[in-house]
Asks: 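Just passing along the structure, written as structure tokens.
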Number of protein chains: 2
Amino acid sequence: MARKPTSKETARKPNMREAILAAAEDLFATNGFNAVSVRDIAHAAGANPGSVTYHFKTKDGLLLEIYRRHCGPMNLRRSELLAAARRVRDLQDRLEAIVRAYVVPAFTSGSDLAGGGARFTRLRAVMSAEGNEVARKIIAQTFDDTSHAFIDAIHDSLPHIPRTDIVWRSHFLLGALYYSLVTPERVSRLSRGEADGSDAANAIEQMVQATVAAFQAPALDQAVPARRPTVASNKT
Amino acid sequence: MARKPTSKETARKPNMREAILAAAEDLFATNGFNAVSVRDIAHAAGANPGSVTYHFKTKDGLLLEIYRRHCGPMNLRRSELLAAARRVRDLQDRLEAIVRAYVVPAFTSGSDLAGGGARFTRLRAVMSAEGNEVARKIIAQTFDDTSHAFIDAIHDSLPHIPRTDIVWRSHFLLGALYYSLVTPERVSRLSRGEADGSDAANAIEQMVQATVAAFQAPALDQAVPARRPTVASNKT
DNA sequence: ATGCTATTTGTACCATCGTACAAAAGAACA
DNA sequence: TGTTCTTTTGTACGATGGTACAAATAGCAT
């Protein structure tokens with residue numbers, strides 16, 4: 001929207017646009033989309049409500065811009081890490097590297113801000129829970145490619161597991177990831193203070209460790225001899 | 001609120017109160033708390049907006065009543081299943097039984113309605129993501145006991161794993177559970193139609209299989225020789 | 001300084017929200 | 001049938017929501 005980047009433009013004084021984006025990201029990620037008003041965002045950013053309309057036209061537009069801002073860098077970083085992980089020779093190590101390549105960028109942003117990755121991932125978690133339309137569209141068309149790439153990579157390192165099972169398990173991984181960012185205090189509470197749910201480094205290690213084992217679990221078909229009544233479908 | 005249960009009371013004709021509860025549960029679980037208006041709920045239930053106020057006083061009161069309705073039966077069923085699971089001799093089988101005791105009631109209600117358990121669990125997932133205050137309070141004081149019971153039971157069957165690790169892994173399980181109920185279509189999409197994310201029986205088996213393996217993963221301490229910079233804290 | 005453009009402010013409109021409340025309708029029992 | 005209590009309806013009020021828009025302001029090139 002700006003025309004004259006005469007060496008400042010991005011580094012204007014307090015840069016309202018960025019402040020609004022950051023405030024919105026924070027509020028949306030914490031309280032959900034509908035619970036936060038444009039006025040709340042403006043107030044948190046030290047801006048005027050009208051300013052939000054000026055920069056992003058609508059509230060949806062603001063959310064859209066947040067996604068645009070993060071999706072590219074995050075997927076890029078994931079792709080890089082995935083490519084590196086695929087080059088690991090040992091299959092066990094490779095699997096761990098792949099999982100790490102998936103998890104790490106979700107906790108720590110690959111581009112600008114410090115905890116930006118975690119904040120944005122939490123935002124995605126919340127939007128997904130709320131069934132937000134804007135988010136749903138972007139997510140499907142932006143992350144599915146990356147998700148498939150990861151699933152394929154994992155499948156390559158675990159050829160004896162049906163792809164369907166890997167899809168389920170990677171789905172569980174994303175759920176665990178989301179939930180860890182949404183309710184970290186629950187971990188602290190249930191561990192009676194022995195663990196800090198907000199400690200990203202620790203969360204990552206725990207998640208990688210558990211997830212690698214989950215992926216390595218035997219496939220479903222050969223594991224459950226006879227029990228459930230309705231399945232009958234999934235196979236490979 | 002009713003005074004004369006002359007053998008009907010609960011089984012009145014279309015029972016508005018129940019219809020409102022069901023509609024609210026459904027809408028909240030799908031769209032979140034703030035996105036749904038009292039008028040939406042009334043409309044979906046075929047009731048009058050004022051009727052909601054009459055029965056539940058406030059919108060928060062309505063949510064509260066939904067929780068009250070489900071928490072008891074669900075925890076009861078979980079306790080029963082957990083008690084049965086603890087009696088399993090073989091440690092491997094016992095662990096699986098415990099996980100199943102945790103997962104199954106979340107997908108299928110223990111009391112009345114068919115998919116009620118899944119619907120309520122999804123509702124909890126969404127409320128947790130939105131940071132809903134009413135839900136947060138009830139959850140902590142209603143589910144933490146059960147959660148501790150499960151964690152202890154799992155710890156008993158895996159004595160060599162530090163309790164902290166088990167807390168993390170059970171947290172991941174709940175995240176996976178929530179996410180599977182919130183976005184089942186993602187599983188169908190990523191598996192290119194080979195799996196049905198909405199198939200509860202299949203989801204349960206996949207989740208149990210993966211989670212048991214995750215719990216059985218080696219403890220973190222002995223697994224990560226030297227890597228991260230900040231941890232230093234958790235130990236047992 | 002002067003004009004030009006990008007931004008910020010202030011305000012106002014209209015829709016919708018949660019909730020209150022009086023009136024109507026129904027149900028149960030004398 | 002009339003009385004009483006419960007439930008449902010209809011409507012209204014005040015607050016807050018998203019968004020539009022004119023006026024004010026600030027930066028920059030000339």
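Side-chain atoms are counted along with the backbone in the values below, which use heavy atoms only and exclude waters and symmetry mates. So you know, we letter chains A, B, ... as the sequences are listed, proteins then strands, and number each from 1.
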Asks: Rounded off to whole Å, could you give me the CG-to-P distance for the Leu63(A) and dT19(D) pair?
Replies: 12 Å

Asks: Would you say Arg163(A) and Trp168(A) make side-chain contact, with heavy atoms under 4.5 Å?
Replies: no

Asks: Quick one: does any side-chain atom of Glu130(B) pair with a main-chain N or O of Phe33(B) as donor and acceptor, under 3.5 Å?
Replies: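 Present.
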
Asks: Less than 4.0 angstrom between a side-chain N/O of His55(A) and OP1 or OP2 of dT8(C), yes or no?
Replies: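 The answer is yes; a side-chain N or O of His55(A) sits under 4.0 Å from OP1 or OP2.
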
Asks: In whole Å, what is the span from the CZ atom of Arg17(B) to the P atom of dT8(D)?
Replies: 11 Å

Asks: Counting only side-chain N and O atoms of Ser37(B), is one of them less than 4.0 Å from OP1 or OP2 of dC17(C)?
Replies: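 Ser37(B) to dC17(C) OP1/OP2: side-chain N or O found under 4.0 Å.
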
Asks: For the rings on Tyr67(B) and Phe120(B), is their centre-to-centre separation under 6.0 Å?
Replies: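 So the answer is yes for these two rings.
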
Asks: So do the side chains of Ile139(A) and Met127(A) get within less than 4.5 Å of each other, counting heavy atoms only?
Replies: no

Asks: Given atom CZ of Phe56(A) and atom P of dG18(D), what is their separation to the nearest angstrom?
Replies: 15 Å

Asks: Test side-chain contact (heavy atoms from CB on, under 4.5 Å) on Glu65(A) and Arg17(A); report intermediate values, then the result.
Replies: CA-CA 11 Å; Glu65(A) 183 56 29; Arg17(A) 193 185 146 92; 3.4 Å; yes

Asks: Round to the nearest Å and state the distance from Lys57(A) atom NZ to dA20(D) atom C1'.
Replies: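 Atom-to-atom, Lys57(A) to dA20(D), this comes out as 8 Å.
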
Asks: Could you say whether Pro49(B) or Ile20(B) is positioned toward the 5' end of DNA chain D, judged by the nucleotide with the nearest heavy atom to each?
Replies: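 Closest to the 5' end, via its nearest nucleotide, is Ile20(B).
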
Asks: Which sits closer to the 5' end of DNA chain C, Arg39(A) or Gly46(A), going by the nucleotide each is nearest to?
Replies: Gly46(A)

Asks: For Asn48(B) and dT7(D), give me the distance from atom CG to atom C1', rounded to whole Å.
Replies: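 Those two atoms, CG and C1', are 11 Å apart.
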
Asks: Could you check Val52(B) against Ala35(A) and say which one's nearest nucleotide on DNA chain D is further toward the 5' end?
Replies: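 It is Val52(B) whose nearest nucleotide is closer to the 5' end.
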
Asks: Round to the nearest Å and state the distance from Lys59(A) atom NZ to dG18(D) atom C1'.
Replies: 8 Å

Asks: Specify the separation, in whole Å, of atom OH of Tyr54(B) and atom P of dA22(C).
Replies: 16 Å

Asks: Rounded to the nearest Å, what distance is computed from the CG atom of residue Leu27(A) to the P atom of nucleotide dG18(D)?
Replies: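 Distance check: Leu27(A) CG to dG18(D) P gives 12 Å.
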
Asks: When we call it a touch if two heavy atoms are under 4.0 Å apart, what does Ser51(B) touch: a base, just sugar-phosphate, or nothing?
Replies: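 If one applies the 4.0 Å heavy-atom cut-off, Ser51(B) turns out to touch a base.
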
